[in-house]
Amino acid sequence: MRTHLCGELRESHVGTRVRLGGWVHRRRNLGGLVFVDLRDRFGLVQVSFNPASATGEAMQVAEQLTSEAVVLIEGCVVARPPEGRNAELATGAIEVLAETVKVVGPATTPAIPVARGKGEKLAAEELRLKHRILDLRRSELQANLVMRHRLLQRARKALSDEGFLEVETPILTKPTPEGARDYLVPSRVHPGEFYALPQSPQIYKQLLMVAGFDRYFQIARCFRDEDLRADRQPEFTQIDIEASFVAPDDVQRFVERVLVELWGEAGHDISAPFPRLAWRDAMERFGVDKPDLRFGVEIADVSQAVGEDAAPFIREALGAGGRLRALSVPGAAEASRKEIDGYAAIVKEAKAGGLIWARRTGSGWEGQGVRALGNELLGRLVAKPGELVLAVVGPDHVTSPALHGVRSLAVRRPGIVRLTDHAFCWIVDFPLFETDPVTGIRAFAHHPFTSPHPDDRDRLTTDPDRCRALHYDAVYNGNELGSGSIRITDPAMQAVVFELLGIEAQDQQRRFGFLLDALASGAPPHGGFALGFDRIVMLLAQAPSLRDVIAFPKTTAARALFEGAPTPVSAADLEALHLRSLA
RNA sequence: GGGGCUGUAGCUCAGCUGGUUAGAGUGCCGGUCUGUCACACCGGAGGUCGCGGGUUCGAGCCCCGUCAGCCCCGCCA
């Protein structure tokens with residue numbers, strides 16, 4: 001049907017007869033002379049209709065063309081006159097002199113514009129989702145999905161080259177009461193019983209290791225019925241890998257290879273290995289387990305420097321086991337009242353007592369915190385003139401998030417030096433368990449199949465809260481790209497961990513019996529990783545939202561506005577599934 | 001589950017202290033126009049002010065509720 005693509009035509013095609021198919025992007029009718037910008041996935045080309053070369057019928061059709069209609073045109077590529085070239089268009093040196101045109105896909109007036117002028121705003125996102133096919137015609141979204149495709153192919157190739165086998169695992173799986181809420185699927189043939197959609201293929205990939213597949217990967221769709229965010233969709237895609245006979249380093253090497261390839265595909269030359277940072281150090285220096293290492297500006301513990309003249313509330317907090325921790329922001333001594341209020345608001349939101357701040361000027365210290373911190377402490381701070389010291393006092397679970405928030409904002413100041421554009425790191429030695437500071441309830445920090453750190457095995461029963469895990473996260477510019485671990489392969493160890501989580505032996509067998517049996521049947525040591533693929537595409541495409549790198553995304557209320565899901569079903573459908581609606 | 005922002009023409013928005021007939025740009029329809037490229041110019045049509053209730057002589061504007069979208073907290077092993 002076509003001989004060429006709209007976006008590929010160049011001066012080298014001058015003189016070529018072409019047949020093109022595409023969408024009418026815009027039409028300009030000058031009266032007896034009609035220009036049509038014809039669009040396909042590869043770009044735009046100007047088609048000109050004039051009575052000297054086009055048939056009378058073609059002229060008539062051209063004058064009636066409406067936006068977004070699909071047409072087939074036949075004509076000849078000609079060079080534009082020098083003054084008629086369009087430097088903003090890849091095809092701007094030429095145009096197609098049309099002879100015939102046929103509307104093969106008439107279009108109603110688009111509900112939202114596809115063609116936009118410079119500086120023209122996008123339609124509201126609700127409308128863009130409702131009319132998704134029109135929005136997807138925009139070159140930005142097409143470019144994002146092209147990028148997504150290229151990244152997928154690159155990841156597949158890299159893992160396949162490393163000896164990983166792509167194996168598909170079930171979408172209809174067994175519900176898991178832990179973790180996120182499951183999407184449930186009722187069984188028609190087994191009244192009252194349900195499948196769940198997988199939150200991840202975690203257990204299946206471990207079973208594949210036990211089955212001897214050695215190295216597995218999957219571009220896996222995962223489902224979690226939880227409330228959404230700009231970077232969270234109810235269904236999402238992971239690059240999921242697992243390998244046998246591996247230590248954390250081995251898995252990290254595979255993941256580094258994939259990330260180097262993906263970033264390379266997006267045109268960024270990055271190098272591995274990535275630096276390793278212990279979880280405890282990350283929390284100490286950055287207040288978060290996914291630090292943005294593009295910047296310095298680290299948190300320091302200044303508790304030891306607090307003197308007798310510090311304010312009572314500080315000394316009381318220290319006495320209660322808290323610490324005084326501070327950031328020093330270069331150049332921020334000039335910060336406006338409004339900027340400092342911004343930091344204070346973050347601290348307040350983190351439920352900390354309040355922000356204490358002092359600025360170092362040429363002549364000494366000024367600011368709200370001077371009196372609170374006291375001269376003794378200020379005298380010991382190694383702050384240079386021009387620096388703004390931001391401090392918070394309290395227990396670590398309060399000061400860490402507060403100071404992380406403050407640092408994230410402070411680091412956006414114009415004066416802060418960016419050390420690199422692509423700061424990758426591994427966070428290692430995570431704690432195996434997390435104890436809620438308020439309720440005191442212990443839960444696994446990740447999933448219950450994560451192996452305890454071999455050096456901490458003894459602590460597992462004596463001091464579980466200080467037991468580290470063979471768990472590691474890949475972090476990029478303050479974003480968690482994914483996480484992984486070495487798994488427990490000793491059924492006895494697995495039972496101990498379940499026990500510590502308060503899962504009774506009977507429950508263990510009912511919920512995870514198939515995994516425990518598998519581990520007892522000859523399980524190789526194994527571990528793996530899962531990369532959040534949508535988020536990676538979003539970062540590499542520099543898209544503002546996950547929804548811009550997913551063809552048909554859900555809203556924050558988990559609705560699909562285009563096709564209208566979810567939707568009520570008939571009473572008969574429910575009855576066949578042995579269900580009754582309470583809604 | 002909680003908080004915030006938004007909702008006026010197909011689209012993007014304006015709409016004063018609550019006051020006459022709700023406006024603009026763009027798109028759409030009609031017309032003029034042979035080198036435009038967000039073509040230009042002339043004319044026209046187009047409104048459940050998200051929805052429901054209330055206050056008021058009078059509500060796009062104030063109050064209550066509700067729906068939808070977005071952002072955040074909780075949640076997301």
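Throughout, protein chains are lettered first and strands after them, A, B, ... in sequence-line order, and every chain is numbered starting at 1. These values consider heavy atoms only, across backbone and side chains, with no hydrogens, waters or symmetry-generated copies.
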For [N], which nucleotide is its Watson-Crick or G-U wobble mate, given both distances must be under 3.5 Å?
| N | value |
| --- | --- |
| B:U34 | none |
| B:C16 | none |
| B:G25 | B:C11 |
| B:C62 | B:G54 |
| B:A68 | B:U6 |

Q) So which one's nearest nucleotide on RNA chain B is more toward 5', A:A124 or A:E226? A)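 On the 5' side of the pair lies A:A124.
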Between [atom2] of [N] and [atom1] of [X], the distance in whole Å:
| X | N | atom1 | atom2 | result |
| --- | --- | --- | --- | --- |
| A:R128 | B:U12 | CZ | P | 11 Å |
| A:E68 | B:C11 | CD | C1' | 14 Å |
| A:H447 | B:C76 | NE2 | P | 15 Å |
| A:L122 | B:C13 | CG | P | 10 Å |
| A:Q64 | B:C29 | CD | C1' | 12 Å |
| A:Q199 | B:C76 | CD | P | 10 Å |
| A:R535 | B:C76 | CZ | C1' | 10 Å |

Q | Partner residues of A:D456 under the side-chain contact (heavy atoms from CB on, under 4.5 Å) criterion, sequence neighbours left out | A |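 Result, side-chain contact (heavy atoms from CB on, under 4.5 Å) vs A:D456: A:H453, A:R459, A:C467, A:R468.
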Q: Can you sort out the partners of A:D490 under side-chain contact (heavy atoms from CB on, under 4.5 Å), two or more places apart, ordered by chain and number?
A: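 Residues passing side-chain contact (heavy atoms from CB on, under 4.5 Å) with A:D490: A:A492, A:M493.
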Using the [atom1] atoms only, state how far [M] lies from [N], rounded to an integer number of Å.
| N | M | atom1 | value |
| --- | --- | --- | --- |
| B:G54 | B:U12 | C1' | 33 Å |
| B:G74 | B:C11 | C1' | 37 Å |
| B:G46 | B:C39 | P | 26 Å |
| B:U17 | B:A9 | P | 23 Å |
| B:U26 | B:G44 | C1' | 16 Å |
| B:G53 | B:C67 | C1' | 15 Å |
| B:G60 | B:G19 | C1' | 13 Å |
| B:U66 | B:G4 | P | 13 Å |

Heavy-atom count check: over 12 atoms from other residues, nucleotides or ligands less than 6.0 Å from [X] [atom1]?
| X | atom1 | answer |
| --- | --- | --- |
| A:R41 | CZ | no |
| A:R280 | CZ | no |
| A:K348 | NZ | no |
| A:E8 | CD | yes |
| A:Y195 | OH | no |

Q) With respect to the side chain of A:D227, which nucleotide from B:C28, B:G10, B:C75 is positioned closest? A) B:C75
Considering only nitrogen or oxygen atoms on both sides, find all protein atoms under 3.5 Å from nucleotides 68-72 of chain B and state each distance.
| unit_1 | atom_1 | unit_2 | atom_2 | d |
| --- | --- | --- | --- | --- |
| B:A68 | O2' | A:E126 | OE2 | 2.5 |
| B:G69 | OP1 | A:T555 | OG1 | 3.0 |
| B:G69 | O4' | A:E126 | OE1 | 3.3 |
| B:C70 | OP1 | A:T556 | N | 3.2 |
| B:C70 | OP2 | A:T556 | N | 2.7 |
| B:C70 | OP2 | A:T556 | OG1 | 2.2 |
| B:C70 | O3' | A:R547 | NH2 | 3.0 |
| B:C71 | OP1 | A:R547 | NH2 | 3.0 |
| B:C72 | OP2 | A:A230 | N | 3.3 |

Side chains of residues 107-117 of chain A: which donor-acceptor pairs under 3.5 Å do they make with residues two or more places apart or in other chains?
| unit_1 | atom_1 | unit_2 | atom_2 | d |
| --- | --- | --- | --- | --- |
| A:R116 | NH1 | A:E120 | O | 2.8 |
| A:R116 | NH2 | A:E140 | OE2 | 2.8 |

(Q) Among A:L228, A:D225, A:D227, A:T555, which residue satisfies the side chain to side chain contact (heavy atoms under 4.5 Å, CB included) criterion with A:P234? (A)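 With A:P234 as partner, side chain to side chain contact (heavy atoms under 4.5 Å, CB included) holds for just one option, A:L228.
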Q.
Taking side chain to side chain contact (heavy atoms under 4.5 Å, CB included) as the criterion, tell me which of A:V398, A:T399, A:V392 meets it with A:V347.
A. A:V392
Q. Tell me, which of residues 476-490 of chain A have any heavy atom that sits under 4.0 Å from an atom in RNA chain B?
A.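 Correct list: empty, so none.
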Q.
Please determine whether any donor N or O and acceptor N or O are separated by less than 3.5 Å between the side chain of A:R224 and the base of B:C76.
A. no
Q) What string of B, S and - do you get for nucleotides 34-44 of chain B, 5' to 3', when a contact is any protein heavy atom under 4.0 Å? A) BBBBBB-----
Q. Can we call the ring centroids of A:F35 and A:F49 under 6.0 Å apart?
A. no
**Q.** Phosphate contact (B:C11 OP1 or OP2) by A:K121 side-chain N/O below 4.0 Å
**A.**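 For B:C11, neither OP1 nor OP2 has a side-chain N or O of A:K121 closer than 4.0 Å.
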Q) Could A:D341 and A:K338 be called an ion pair, given the rule that one side-chain N must be under 4.0 Å from one carboxylate O? A)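 The answer is no: the pair does not qualify as a salt bridge.
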Q. Does a side chain donor of either A:S485 or A:R487 reach within less than 3.5 Å of an acceptor in the other side chain?
A. yes
